[in-house]
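Read the structure below first, then the notes.
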Amino acid sequence: MNIDAFGRKINYLRISVTDRCNLRCVYCMPEEGIKLFPHSEILTYEEIIKIVKASRKIGIDKIRITGGEPLIRKNLPYLIEKINEIVGIKDLAITTNGILLWKLLPQLKKAGLKRVNISLDSLKKDRFYKITKQDALDDVIKSIEKCLEESIMPIKINTVVIKGINHDEIIDFAKITQNKPIIVRFIEYMPWGNLNRWDKERIINANEIKSIIEKEFGKIIPVSTSSTGPAVNYHINGFKGYIGFITPLSEHFCGNCNRIRLTADGKLRLCLFSQNEIDIKTKIRSGASIEELSQFIIDAIYKKPEKIDITGHLKDHKREMSQIGG
Ligand code: SAM
């Protein structure tokens with residue numbers, strides 16, 4: 001039912017709940033922001049819940065909430081609670097910059113949140129500010145501590161490695177895994193958007209990152225049991241946590257892709273990199289039943305592309321990452 005035209009089983013829906021963000025990461029959003037979707041164009045929680053119910057019926061059992069920054073949308077624990085109540089949803093996670101997480105975590109956990117990915121590109125206060133335009137590193141660290149306290153497991157930290165911006169912190173990030181059960185995942189800097197100053201020269205691929213780590217800590221060992229999507233996890237000898245690499249550039253993972261995306265303004269995206277979008281908002285606002293929505297999603301899944309070449313700069317992209325849901 002949820003098999004695409006290339007035989008891949010699609011069981012993972014990433015939902016962006018907002019295009020707004022409280023950070024202005026240099027590689028993601030200009031300081032003055034970008035043109036935002038009008039509120040009327042953003043799916044309501046009830047609409048999102050209906051889409052999740054329809055998705056569940058065709059085999060989706062893994063949901064991730066993202067944005068923009070998902071925690072700036074009002075009353076997010078309500079959405080988490082309602083999704084968690086849908087029978088058969090096995091995994092319910094969030095991707096966040098972590099600034100508001102320490103405050104909201106108890107409510108989110110009570111509502112049924114299972115896992116958290118926190119994006120963090122620098123452990124230095126001044127650099128964090130330079131990258132994000134917010135003096136908020138302490139809040140993010142507090143959130144990581146809070147996740148450990150609340151035993152939200154596994155905690156993943158996602159770090160985009162960019163030459164000349166934060167590549168000299170690779171070892172410091174790897175060291176986070178020494179005494180804490182945290183997975184630090186290094187992400188290759190992807191060519192994205194009209195607005196960011198993407199520069200090929202700034203890419204550091206996963207192999208380079210790996211050799212920097214191995215030079216410091218010795219050979220790292222792949223963890224065969226990892227079921228963490230596109231990242232391959234490794235273990236530094238004697239360390240409690242893991243490190244991982246997300247390699248959209250150096251190693252395509254399209255063949256194993258199990259995901260589709262829902263944008264905050266109600267478009268299904270079958271692939272992060274494909275421009276092809278399917279308007280489910282019009283369908284839902286025209287009164288479609290859950291069964292009709294399920295069929296709509298099945299038809300959409302069938303249009304998922306086999307793979308997209310992202311080796312060039314995707315500068316003609318209609319949307320920034322924050323408008324899709326990274
Ligand atoms: N606000 C949330 C957060 O910070 O995790 C969710 C949205 S954010 C767009 C999701 C992820 O996309 C972040 O980890 C961010 O670093 C990553 N990202 C944005 N632009 C990117 C790029 N050009 N290459 C690689 N990762 C990127």
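Remember, it's 1-based here, ligands and their atoms both numbered in the order they're listed. Side-chain atoms are counted along with the backbone in the values below, which use heavy atoms only and exclude waters and symmetry mates.
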Output yes when the distance from some N or O of ligand 1 to some N or O of Glu69 is under 3.5 Å, and no in every other case. yes
Smallest heavy-atom separation, Ile94 atom then Pro70 atom, equals CG1-CG, 3.9 Å
| query | Can a donor-acceptor pair be found between the side chains of Thr96 and Glu69 at a distance below 3.5 Å? | reply | yes
So, regarding Ser119 and ligand 1 (criterion: nitrogen or oxygen to nitrogen or oxygen, under 3.5 Å), is there a contact or not? yes
* Mark the output for Gly68 as yes if a heavy-atom distance to ligand 1 is under 4.0 Å, and as no if none is. => yes
Note to self: Looking at Lys110, I'd like to know if its NZ atom is crowded, meaning that more than 12 non-hydrogen atoms belonging to other residues, nucleotides or ligands lie closer than 6.0 Å.
What the structure shows: no
- Query: Is there a donor in the side chain of Thr95 and an acceptor in the side chain of Arg64, or the other way round, less than 3.5 Å apart?
  - Reply: yes
Logged contact type for Thr95 with ligand 1, heavy-atom cut-off 4.0 Å, is both
For Val160, the atoms of ligand 1 under 4.0 Å from one of its heavy atoms are 16 (O), 25 (C), 26 (N), 27 (C)
Side chain to side chain contact (heavy atoms under 4.5 Å, CB included) test vs Asp4 passes for just one of Lys304, Lys303, Lys9, namely Lys304
Any N or O of Tyr27 closer than 3.5 Å to N or O of ligand 1: yes
For Asn97, the atoms of ligand 1 under 4.0 Å from one of its heavy atoms are 2 (C), 3 (C), 4 (O), 5 (O)
Close N or O approach (Ile187, ligand 1; < 3.5 Å) | no
Note: Thr66, heavy atoms under 4.0 Å from ligand 1, region reported as side chain
inquiry  = Using the rule that Ile, Leu, Val, Met, Phe, Trp and Tyr join whenever any side-chain heavy atoms are under 4.5 Å apart, tell me whether Leu100 and Tyr129 fall into a single cluster.
reply    = no
Short version for Thr96: what comes under 4.0 Å of ligand 1, heavy atoms counted, is backbone
Practice problem: Determine whether the side chains of Tyr27 and Asp121 contain a donor N or O and an acceptor N or O closer than 3.5 Å. | Solution: yes
